[in-house]
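Written out below as structure tokens is the structure these notes cover.
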Amino acid sequence: MQKQDLKTPFFMIDEEKLIANLEKVKRLKELSGVKLVLALKCFSTWGVFDIIKPYLDGTTSSGPYEVKLGYETFGGETHAYSVGYSEDDVREVADICDKMIFNSQSQLLAYRHLVEGKASLGLRLNPGVSYAGQDLANPARQYSRLGVQMDHIDPSIFENLNGAMFHMNCENKDVDAFIALLDSISENFGQHLDKLEWVSLGGGVFFTWPGYDIEKLALALKHFSERHGVQLYLEPGEAIITKTTDLVVTVVDIVENDMKTAIVDSATEAHRLDTLIYDEPASVAEASENGEHTYVIGSCSCLAGDQFCVTQFDQPLAIGQRLHILDSAGYTMVKLNWFNGLKMPSIYCLRQNGDIEKLNEFGYEDFKRSLSQWSVS
Ligand SMILES: Cc1ncc(COP(=O)(O)O)c(C=O)c1O
């Protein structure tokens, strides 16, 4: 299979880049003793889990189907968490998870009897402090529903609890800022944590970022786990998959209205949703910072403001030209949707030996079936 023969749009996951991230995981684990579970909410493309499995300890989830997917396709430890479980969810999940983490004391009390004897019991705590660029993604935002606030904790709950989960980081590349959060957790929750077997510190720690001081992070984690006598976990998503995957698109038209817009055969609203949600422009591999030719890279959806970015090129773009939208795996492939009936990107993996393997492709039937399977009689 040759890359130039593949029909756009498609995602290309690069195994070599993925392994480079995973080697950092290995180092962190060796130095700190921390266990890591992949956050499936960020990346669930199970066709490449065989590459990831040797490096991580299992998966964590944010909804019932993710638990099942992690159990079936990844194995190892299966952590189950949800902001709100129904009783049916708990019954389904309890049989296949190793750890069940409730978001509130009320859910814990209501359902613990369904989990006891089957899985280790955990509760999400909200440290009230966080590192997150945008309020939308800030678990410690005002009126947050994510985890139990310190002043709402019933201390007796820790007598029959195995673990706790905190999640308070979003793309945190600053090890000192993370350590400050860790210290605050130790100080405010330490007396409770001492009674537990495990503590998960959630995701959002960007330790695979170039230049990140993994040794410093590892030392802080080791110290925390020794101080409180707990097995520590991290739940990385983005850190695992960052910078591994391109969304490859083709320019199908170029229009001009004061600025030139290259319209490509993909849309952020359907295929790269976080570009819109977080208003964070994408990067294009072919772009050149000092290029003289500026283009809006526009989506082919009907949404007026749907664009990937505004960027510069050394040469004018041409219809039929391919562009590589960088870093398009995390919180992207899990959010694909059929808006506008656009063609869904296929998914490929570029193996280290140069082979390209197809993981998925989609057609009109998939679109149709996602809307209805039966019509009214
Ligand atoms: C509870 C929990 N764990 C882990 C993650 C993964 O975070 P990231 O992909 O930023 O590492 C998230 C992200 O929202 C989360 O809410």
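These numbers come from the heavy atoms of this one structure, side chains and all, not from hydrogens, waters or symmetry mates. Atoms within a ligand are numbered from 1 in the order they appear, just like the ligands themselves. Predicted model, so just to flag it, every value in this text is computed and none were measured.
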Taking [X] for the side chain and [Y] for the main chain, is one N or O donor matched with an acceptor at less than 3.5 Å?
{"X": "Glu92", "Y": "Pro64", "result": "no"}
{"X": "Tyr55", "Y": "Ile51", "result": "no"}
{"X": "Asp306", "Y": "Thr268", "result": "yes"}

What part of Ala39, side chain, backbone, both or neither, has a heavy atom within less than 4.0 angstrom of ligand 1?
side chain

Within the 4.0 Å heavy-atom cut-off, what Glu235 brings close to ligand 1 is both

To check your reading of the model: name the closest protein heavy atom to atom 5 (C) of ligand 1, its residue, and the distance in Å.
His167 CE1, 3.7 Å

Atom 9 (O) of ligand 1 [closest protein heavy-atom partner, distance rounded to 0.1 Å]
Tyr331 OH, 2.6 Å

Closest to atom 10 (O) of ligand 1 among Ser82, Ser62, Gly204, Cys170 (heavy-atom distance):
Gly204

Test: Lys41 and Glu66 ion pair at under 4.0 Å:
no

Side-chain ion pair, Arg27 and Glu23, N-O less than 4.0 Å
no

Could you list which atoms of ligand 1 come closer than 4.0 Å to a heavy atom of [X]?
{"X": "Pro236", "value": "11 (O)"}
{"X": "Glu238", "value": "8 (P), 9 (O), 11 (O)"}
{"X": "Gly237", "value": "8 (P), 9 (O), 11 (O)"}

Criterion side chain to side chain donor-acceptor pair (under 3.5 Å) on Asp265 and Thr8, from CA distance to verdict:
CA-CA 7 Å; Asp265 57 353; Thr8 63; 2.5 Å; yes

Before signing off on this row, confirm whether Lys41 and ligand 1 have an N or O atom pair separated by under 3.5 Å.
yes

Is the closest heavy atom of Met165 to ligand 1 under 4.0 Å?
yes

Report the C-alpha distance between Phe207 and Phe178 in whole Å, list the side-chain angles of each, state the deciding distance to 0.1 Å, and finish with yes or no for ring-ring contact (aromatic ring centres under 6.0 Å, His included).
CA-CA 11 Å; Phe207 60 89; Phe178 176 75; 9.9 Å; no

